[in-house]
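Hydrogens, waters and symmetry mates play no part in the numbers below; they use all other heavy atoms, side chains included.
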Amino acid sequence: MDIEQILAKLKDVLHEHLDIDVNNINGDTRVQDMGIDSLHLVDLILEIESEMGSRIDYLNLPKNPSLNDLCEAIGRNMKRD
Amino acid sequence: MSESAITTPVSSSPQSRLSAELDIGDINTLWLTMRKCPGVVHNFSLQLLAEIHDVVQAVKERDGCWDHMGHRAPVHYAVMRSEHPEYFNLGGDLKHFRACITEQDWQALHGYSRHCLDIMYGWATLSSRQITTIALVQGRALGGGFEAALSADFLIAEEHSTFSFPEIMFGLFPSTGGMSLLSRRVGVHRAERMTTDRRIYSAPELLEMGVIDELCKTGHGVQAVKRFIAAHARRRAARLALQRSRHRIAPLDYQELSTVVDEWVEAARHLGAEELRAMELLIMMQEETRHDVPDGQAPPPLHATDAADKES
C-alpha cells in the first residue's frame, strides 16, 4: 500500500469514526487543525489498526503531525510487518 | 517580599525529580518543583513519588516546619509546580502498570496505587494544620497530574493549561482520589462525567466550572501565586479557620479512597486486549515526550520571576 492509498484509508477513518469533513483536508493538514488532540491520536490509531489489520509499534511522530506524517509512520510499520 | 530563598534537591541524586525551595519572610512559602529531567517521562515515577513522600513526611514530622539554615521555619504556604514547559504531570507510570499487568504482579500494582493515594492524602490534609497548599499548573495535567492539582487547597493555572482524565481510554479510572477531589468542587454527578467523558478541559473552562480558583496569563504563574499568597495572607487567621471548616464539612474519606484503589486493581486484572492496546499506545506517547526540550521554553525559575517582580 503506498502513501496515497494510506492517506485515502486514513480519510475514511477520519470521516467514519471521528465525523471529520475530509473534503477540506489534505496530506499537509495537521491533526490539531482537525480538532484532534495528541491524546486522541490513540483513538485514531486504534481505528487505523483495526481497519488495516496492522499494528503500529513505532510512531516517532513530530508534535502536531500532519496527515502525511501519520501516513509515513503507518507505512513504516507496514513495511516492518 | 522574601528575604532569602534556598533551593535544595530533595534527594542527593543528581537525577532528583523534585526540588524544594523555601521563601522566607513574614510569610514562608515552600515551593516544590517537579524537575524536568532529560530522557525521563514527566510522570509519577516511583522516584518522584518517593521524593514527594519524603517532603510531605518531613513537614508533618516537624509539625508544619521546614529545616532552613540550621533552624526550623514554619511553612505557611506550600506550592506544587512543574518546570516542564509542557506538562504539569503526565500522571501515572503507565509503563509500570503494564509491567505489573504483564507479570500479573497485582501486589506491586496495588502497592503503587496505594502509595500514590497515601502521598496525595498526606498532601491534601497538610492544610488541616497551619499550611495552605496551592497547585500551580503551567501546562497539561493528565490523570494523576490532574488529581495532584486538585488535591491542593487552591488551584491556579496559566490560561493555556489543559486537564484531562484519559484512564477510561484503557478501561481504568482515576485511582488517586479523582472522584472525591472533583466531587468537592463540582458535585458527584459532574465529577463522574468528567472522569469518563475523555474530554480535554481548558483552564478557562474549568475556571467557569469552579474547578480552578484562579487563571493567569501564560508565563505569569509564579507572580500570580505570589500575588494570591500576599492577598490570602492579609486575613490569614480567618481564611485558615474557613479552610479547616471546609475540611470538616467535606473531608476526604480515606476508606472510600482505599476502596477505589482496590477496585482499580480489580479492574486492571480484567482488562481486555483492546484496552491493553490503548494503554500501549499511550505508553508510546508518554515515551515520546522524553525528547529534550530547550531550557528556554521552560517556565521561568523562581528567582528570575523574583527579579521581574522587583522591576515591576
Side-chain angles (χ1 to χ4, degrees), chain A residues 1 6-7 9-21 25 29-81, chain B residues 41-43 84-92 94 98 139-146 160-172 195-203 205 271-294 297:
Chain A
M1 198 179 274
I6 295 172
L7 181 60
K9 200 79 179 167
L10 194 52
K11 284 184 174 181
D12 286 346
V13 171
L14 289 167
H15 178 63
E16 286 171 23
H17 298 282
L18 299 178
D19 201 25
I20 288 171
D21 180 3
I25 62 174
T29 307
R30 302 206 169 265
V31 293
Q32 284 178 12
D33 296 332
M34 294 183 285
I36 299 173
D37 185 272
S38 60
L39 202 57
H40 294 141
L41 269 179
V42 169
D43 288 329
L44 181 59
I45 292 167
L46 282 172
E47 293 296 345
I48 293 166
E49 287 186 342
S50 171
E51 288 280 330
M52 298 191 173
S54 173
R55 273 172 68 106
I56 298 174
D57 287 324
Y58 180 70
L59 274 174
N60 196 22
L61 289 169
K63 280 175 188 159
N64 190 18
S66 66
L67 290 187
N68 278 338
D69 293 328
L70 270 175
C71 290
E72 283 166 17
I74 294 165
R76 282 196 298 272
N77 280 273
M78 290 177 83
K79 278 179 194 162
R80 286 150 59 99
D81 288 349
Chain B
V41 177
H42 199 69
N43 62 10
H84 196 286
E86 290 180 48
Y87 295 99
F88 177 74
N89 197 290
L90 281 154
L94 296 184
R98 186 185 56 180
R140 177 163 279 200
L142 296 178
F146 194 178
H160 69 290
S161 300
T162 54
F163 302 76
S164 184
F165 285 115
E167 292 89 342
I168 197 72
M169 294 172 79
F170 49 90
L172 289 178
T195 52
T196 53
D197 63 10
R198 306 154 72 110
R199 278 197 57 204
I200 293 158
Y201 289 88
S202 70
E205 193 177 4
L271 292 180
E274 189 189 331
E275 293 160 330
L276 290 170
R277 179 67 187 140
M279 186 187 287
E280 275 180 25
L281 289 169
L282 282 166
I283 291 169
M284 282 165 66
M285 290 185 164
Q286 277 200 353
E287 291 293 311
E288 289 193 4
T289 64
R290 292 188 310 163
H291 302 316
D292 288 351
V293 180
Q297 290 181 24

(request) Against chain A, label B/Arg140 side chain, backbone, both or neither, depending on which of its atoms sit under 4.5 Å from a heavy atom there. (result)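 For B/Arg140, the side chain is the part near chain A, not the backbone.
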(request) Let me know if B/Ser164 has heavy atoms under 4.5 Å from chain A in its side chain, its backbone, both or neither. (result)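 The answer is the side chain of B/Ser164.
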(request) Could you point out which residue of A/Arg30, A/Met34, A/Glu72 forms a side chain to side chain contact (heavy atoms under 4.5 Å, CB included) with A/Leu67? (result)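 Result: among A/Arg30, A/Met34, A/Glu72, A/Met34 is the only option passing the side chain to side chain contact (heavy atoms under 4.5 Å, CB included) with A/Leu67.
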(request) Would you mind checking which part of A/Ser50 comes under 4.5 Å of any heavy atom in chain B, side chain (CB onward), backbone (N, CA, C, O), both or neither? (result)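 Neither; nothing under 4.5 Å.
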(request) Specify whether B/Phe146 and B/Phe165 have parallel, tilted or perpendicular ring planes, treating 30° as the upper limit for parallel and 60° as the lower limit for perpendicular. (result)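 Because their plane-to-plane angle is under 30°, the rings of B/Phe146 and B/Phe165 count as parallel.
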(request) Supply the atom-to-atom distance A/Asp37 CG to A/Leu44 CG, rounded to the nearest 0.5 angstrom. (result)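 A/Asp37 CG to A/Leu44 CG: 12.0 Å, rounded to 0.5 Å.
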(message) Donor-acceptor pair, distance only, cut-off 3.5 Å: does the side chain of A/Asp69 make one with the backbone of A/Leu61?
(response)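 Absent.
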